[in-house]
J.: 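Dumping the structure here so I can ask a few things about it.
Heavy-atom basis, side chains included; hydrogens, waters and symmetry copies ignored. Letters A, B, ... mirror the listed sequences (proteins, then strands); counts begin at 1.
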Amino acid sequence: MTISPATSRRAFLAGSAVLAGALVVPLHRALSTAPAQLSANGYLAVLADGKVSLALPKTEMGQGIMTALTMLVAEELGLAPTAIDVSIPEADRARFAPVDTTTGGSTSIRELWKPLRQAAANARMALVDAAARRWKVMPDGLTLADGAVTNPATGQRLAFAALVADAATRVPTDAVPVPPSAWKVIGRDQRRLDSAGKVRGTAPFGIDVQVPGMKIATLAQSPVFGGKLAGHDAAAARAVPGVADVVALDDCLFVTADSLWTAKKGLEAAAPRWNEGANAGLDQAQVDAALTAAVARPGVTAKAEGDLAAARTGAARTVEALYHQPFLAHATMEPGNCTAHVTPQGVEVWTGTQVPSDARAAAARVAGVAEDKVRLHNFLMGGGFGRRLETDMVERAVSLAAKVPYPVKLVWTREEDIQHDMVRPAYADRISASLDAAGNVTAWEHRIAGSAVMARFLGDKFNGVDDDAVDGATAPLYPAKARLVTFKQVESAMPTGWWRGVGGLRNTFVIESFADELALAAGQDPLAWRLARIIDPRARAVLQKAAAEAGWGKALPKGEGLGLAVLHIWDTCLAAVAHVKVDAQRQIAVPQVTVAVDCGPAINPLGVKAQIEGGVIFALSAALYGGVTLDKGRIAQSNYNDVRPLRMNEAPRVITHVMPTDNAPGGMGEPPAAVIAPAVANAIFAATGKRVRQVPLQAGLESA
Amino acid sequence: MPVSLTIDGQQRSLAVADDMPLLWALRDIAGITGVKFGCGAGLCGACSVLVDGERQFACQTPVSAVAGKAVTTIAGLTGQPLGKALAAAWEELDVVQCGYCQPGQIVAAAALLKANPTPDDAAIDEGMSGNICRCGTYNRIRAAIHRAADTIKA
Ligand code: FES
Ligand code: FES
């Protein structure tokens with residue numbers, strides 16, 4: 001595999017040469033009209049030399065989608081995944097339609113599973129048919145391997161290169177993909193295709209871009225959300241050797257220089273002053289109080305079934321609980337950055353983004369040009385987790401580049417990255433359930449309050465329920481005679497966005513913690529209570545597997561406990577058992593987490609396991625220690641000391657059991673993240689008898 | 001005054017302010033981008049380099065402090081036997097996810113193995129505690145360090 005010619009240094013040079021003249025038609029358009037290539041669709045082709053080329057229709061942020069999608073193509077074309085040329089393409093909405101290159105919500109495999117295999121199967125059939133015509137035989141008996149079509153009956157062999165021109169004239173649309181019984185690639189462990197450069201430091205991330213003549217910049221945005229720049233000392237900044245320019249916007253100050261260090265010194269010398277505005281008095285306590293107040297009564301209905309009042313009458317017992325979850329920072333390892341060059345001819349952008357098409361549109365909007373005047377080169381991302389679904393980094397860079405005559409790489413310091421994150425919303429949930437004498441749920445009411453990220457995108461069309469925020473809450477695994485689920489939008493000055501796991505993460509914490517509370521109220525073991533009520537056979541299977549592998553029910557020393565959680569969201573069923581130790585000072589340790597998953601065929605089991613290991617540890621950091629807080633209208637935290645990811649000595653051993661099934665493939669980015677907080681909270685209860693109903697759990701246990 | 005030092009075996013002279021941290025001299029002035037910026041505060045280890053064989057956070061090391069010394073970045077390290085063994089172990093065990101922290105992890109692992117060629121889990125946890133992986137690849141990093149240690153011994 002080769003990674004993106006578009007990300008090579010040569011391409012940067014070519015890119016800026018292009019800017020010196022008129023923008024040319026992107027390379028791929030020229031290619032797709034070239035006669036000698038077999039185009040299976042806008043982004044998958046067999047080239048004239050027989051090489052198979054895949055322009056990645058989704059973005060790679062570590063989740064391994066480059067490898068998994070390449071495997072789908074390799075399966076159909078009888079190739080090793082390593083034999084395929086994968087590139088990270090420029091943003092181009094039309095080229096990939098109807099596929100949306102936006103990457104999030106654990107949707108990539110679910111979206112590409114059919115169309116990508118279909119396209120590759122079509123290409124395969126075109127090649128086989130071309131060989132059959134050449135040999136004047138029926139195509140049925142021909143085989144395809146190692147970049148050639150072979151006739152086993154005669155031993156004849158034709159390489160793809162010899163067939164491409166012919167095959168390109170007749171590409172079917174309805175070829176049948178390789179059936180599961182014949183899979184040679186899908187379902188087998190495949191090592192990542194992007195390791196070599198990543199372990200040697202040569203893999204290009206957006207922050208590594210070097211464009212000839214560029215300067216490096218950093219920025220200060222108003223610490224208080226909504227504040228405006230009141231003044232600054234541009235002369236002092238320019239007096240710092242190496243500083244090039246000081247650019248002031250209404251709500252932001254940039255300094256450009258020869259290095260990030262110099263730009264930072266320049267910014268310090270400029271000492272920006274701010275009109276803090278209306279939010280200067282806002283504290284976290286006010287946000288939390290507003291959330292708690294909002295769940296005192298039902299919000300806008302997301303789901304209503306059955307007669308709640310009737311289902312409540314005659315209940316053996318009713319359980320009610322209030323849960324809180326904090327704002328969360330993404331804190332991707334690669335800080336925010338974007339490089340841009342604005343000239344009279346157009347705009348060129350280099351960045352790592354989960355939303356290439358939207359980022360290109362945003363760049364065009366900010367620069368005031370048509371979208372076809374913008375070229376956006378996408379890169380590997382040093383983590384996304386939802387942060388790079390936002391385009392603010394691109395917008396800031398283009399607004400700066402529009403004011404200077406050179407290309408400029410805008411890099412956010414870690415402090416700026418955290419203090420101007422678009423954080424995962426804080427939430428309050430009030431949940432209540434009535435149980436009959438056997439412990440079955442009769443009535444279930446779940447009220448959710450928090451910022452509605454969807455409202456920002458939907459505008460007038462927002463109907464009061466954030467569909468993402470209620471994902472996993474409207475149809476939990478536990479049947480009830482009557483159910484009411486409501487959402488109440490509560491905004492503060494804090495800008496909010498999506499964070500790995502989104503609604504499934506926040507709802508699984510509440511529902512799976514609460515399921516344990518119900519089991520306890522019914523006097524039953526948490527596993528037994530669940531298995532007696534969950535109907536979904538896939539959810540039951542992963543739950544039983546994880547529990548058995550973790551030794552559910554075994555005796556543990558004092559201060560230790562097991563806790564479990566299960567979900568069926570993102571078309572994936574996943575269960576986890578956390579083993580927790582709590583010491584005399586109430587410090588929580590999580591030595592082991594056992595996970596079982598049914599995500600359908602598990603295209604790359606090795607990658608599925610990586611997502612589980614990573615998702616568990618990523619979300620465990622937030623579950624134990626996460627949360628950013630508002631203090632006087634600004635985020636109180638600023639770096640990895642107070643936004644604290646787990647370190648190696650704190651990370652659990654993660655044991656994974658992948659249970660492939662022939663269900664349609666499910667997502668794997670988010671499910672592993674979503675189970676960990678409730679599994680740990682339930683284990684804390686098992687270890688200590690204390691129910692912690694708030695994240696972060698460490699602080700919650702200390703105050704319990 | 002330009003600062004003279006050796007970077008990955010090459011004599012270099014960098015015309016930068018004395019107090020500029022090595023990280024920025026390497027990335028922004030010398031164009032060596034395998035050394036990563038994560039926190040700028042000595043908290044994450046993404047910027048790890050070897051200075052005369054010892055691991056240092058390049059973001060916390062003024063360039064003047066390494067004048068006349070030998071700096072080894074991920075690029076130079078992976079050309080040496082130890083670095084090659086580490087890179088191979090990382091690839092065989094499919095360690096990386098986003099990959100952004102990994103050059104720093106490998107440099108830290110090299111410093112660890114230089115000091116202790118046969119570390120146990122506790123020694124690895126201790127030696128690697130200065131490095132954050134936001135993607136959570138710690139289980140595989142630990143296994144890869146054991147693997148590299150075995151390769152070197154063999
Ligand atoms: S960038 Fe130097 S330790 Fe984080
Ligand atoms: S692999 Fe992404 S931060 Fe370590």
J.: Please look at A:Lys265 and chain B and tell me whether the side chain, the backbone, both or neither of the residue comes under 4.5 angstrom of a heavy atom of that chain.
T.: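 Looking at A:Lys265, just its side chain touches chain B.
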
J.: So which of A:Gly383, A:Pro241, A:Ser621, A:Ala331 has the biggest tally of heavy-atom pairs under 4.5 Å with chain B?
T.: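 Top count of heavy-atom pairs under 4.5 Å with chain B: A:Ala331.
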
J.: At a heavy-atom separation under 4.5 Å, does A:Val411 approach chain B through its side chain, its backbone, both, or neither?
T.: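 Side chain only.
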
J.: Measuring heavy-atom distances to chain B, does A:Ile207 have an atom under 4.5 Å in its side chain, in its backbone, in both, or in neither?
T.: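 For A:Ile207, backbone and side chain are both near chain B.
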
J.: Is any NZ, NE, NH1 or NH2 atom of the basic residue among B:Glu91 and A:Arg191 found under 4.0 Å from an Asp or Glu carboxylate oxygen of the other?
T.: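 A:Arg191 and B:Glu91: not salt-bridged.
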
J.: Quick check on the interface: out of B:Ala75, B:Gly99, B:Cys59, who has the most heavy-atom pairs with chain A under 4.5 Å?
T.: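 Among B:Ala75, B:Gly99, B:Cys59, the one with the most close pairs to chain A is B:Gly99.
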
J.: Using every non-hydrogen atom in the two residues, find where B:Arg140 and A:Ala610 come nearest and quote the distance to one decimal.
T.: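 Closest approach of B:Arg140 to A:Ala610: NH2-N, 3.1 Å.
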
J.: Could you check whether any side-chain N or O of A:Lys198 sits under 3.5 Å from a backbone N or O of B:Cys98, counting only pairs where one atom can act as donor and the other as acceptor?
T.: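 Side chain of A:Lys198 to backbone of B:Cys98, a donor-acceptor pair under 3.5 Å: yes, one is there.
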
J.: Before you tell me yes or no, could you show the steps for A:Met333 and B:Cys133 under side-chain contact (heavy atoms from CB on, under 4.5 Å), namely the whole-Å CA-CA distance, both residues' side-chain angles and the distance that decides it to 0.1 Å?
T.: CA-CA 7 Å; A:Met333 280 307 293; B:Cys133 175; over 6 Å; no

J.: Minimum heavy-atom separation for B:Arg134 and A:Phe385, please, with both atom names.
T.: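 Looks like CG-CE1, 3.6 Å.
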
J.: Where do A:Ser259 and B:Ile29 come nearest, in terms of heavy atoms and distance?
T.: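 Minimum heavy-atom contact is CB-CD1, 4.2 Å.
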
J.: Keeping B:Asp94 on the side-chain end and A:Arg192 on the backbone end, is there a donor-acceptor pair under 3.5 Å?
T.: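 Yes.
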
J.: Answer yes or no: is there an ion pair linking A:Arg653 with B:Asp121, defined by an N-O contact shorter than 4.0 Å?
T.: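 A salt bridge links A:Arg653 with B:Asp121.
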
J.: Side chain, backbone, both or neither: which part of A:Phe205 has a heavy atom under 4.5 Å from chain B?
T.: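 For A:Phe205, side-chain heavy atoms alone lie under 4.5 Å from chain B.
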
J.: Below 4.0 angstrom, N of the basic side chain to O of the carboxylate: do B:Lys36 and A:Asp208 qualify?
T.: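 So B:Lys36 pairs with A:Asp208 through a salt bridge.
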
J.: Of all residues at least two apart in sequence or in a different chain, which pass the ring-ring contact (aromatic ring centres under 6.0 Å, His included) check with B:Phe37?
T.: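 Partners of B:Phe37 under the ring-ring contact (aromatic ring centres under 6.0 Å, His included) test: B:Trp24.
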
J.: Tell me, with the steps shown, if B:Asp28 and A:Asp258 meet side-chain contact (heavy atoms from CB on, under 4.5 Å).
T.: CA-CA 7 Å; B:Asp28 293 349; A:Asp258 59 0; over 6 Å; no

J.: Ignoring hydrogens and geometry, is there a side-chain-to-backbone donor-acceptor pair from A:Glu613 to B:Thr137 under 3.5 Å?
T.: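 It does not hold such a pair.
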
J.: Would you confirm whether A:Arg647, through its side chain, and B:Ser129, through its main-chain N or O, come within 3.5 Å as a donor-acceptor pair?
T.: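 Looks like yes, one N/O pair under 3.5 Å.
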
J.: Which atoms of A:Met61 come close to chain B, meaning under 4.5 Å heavy atom to heavy atom: side chain ones, backbone ones, both, or neither?
T.: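 Just the backbone, heavy atoms under 4.5 Å.
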
J.: Are any side-chain N or O atoms of B:Tyr138 and backbone N or O atoms of A:Leu646, one a donor and one an acceptor, separated by less than 3.5 Å?
T.: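 Side chain of B:Tyr138 to backbone of A:Leu646, a donor-acceptor pair under 3.5 Å: yes, one is there.
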
J.: Taking side chain as everything from C-beta outward and backbone as N, CA, C, O, which of these in A:Glu415 sits under 4.5 Å from a heavy atom of chain B? Side chain, backbone, both or neither.
T.: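 For A:Glu415, side-chain heavy atoms alone lie under 4.5 Å from chain B.
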
J.: Chain B heavy atoms under 4.5 Å from A:Lys609: which part of the residue, side chain, backbone, both or neither?
T.: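 For A:Lys609, backbone and side chain are both near chain B.
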
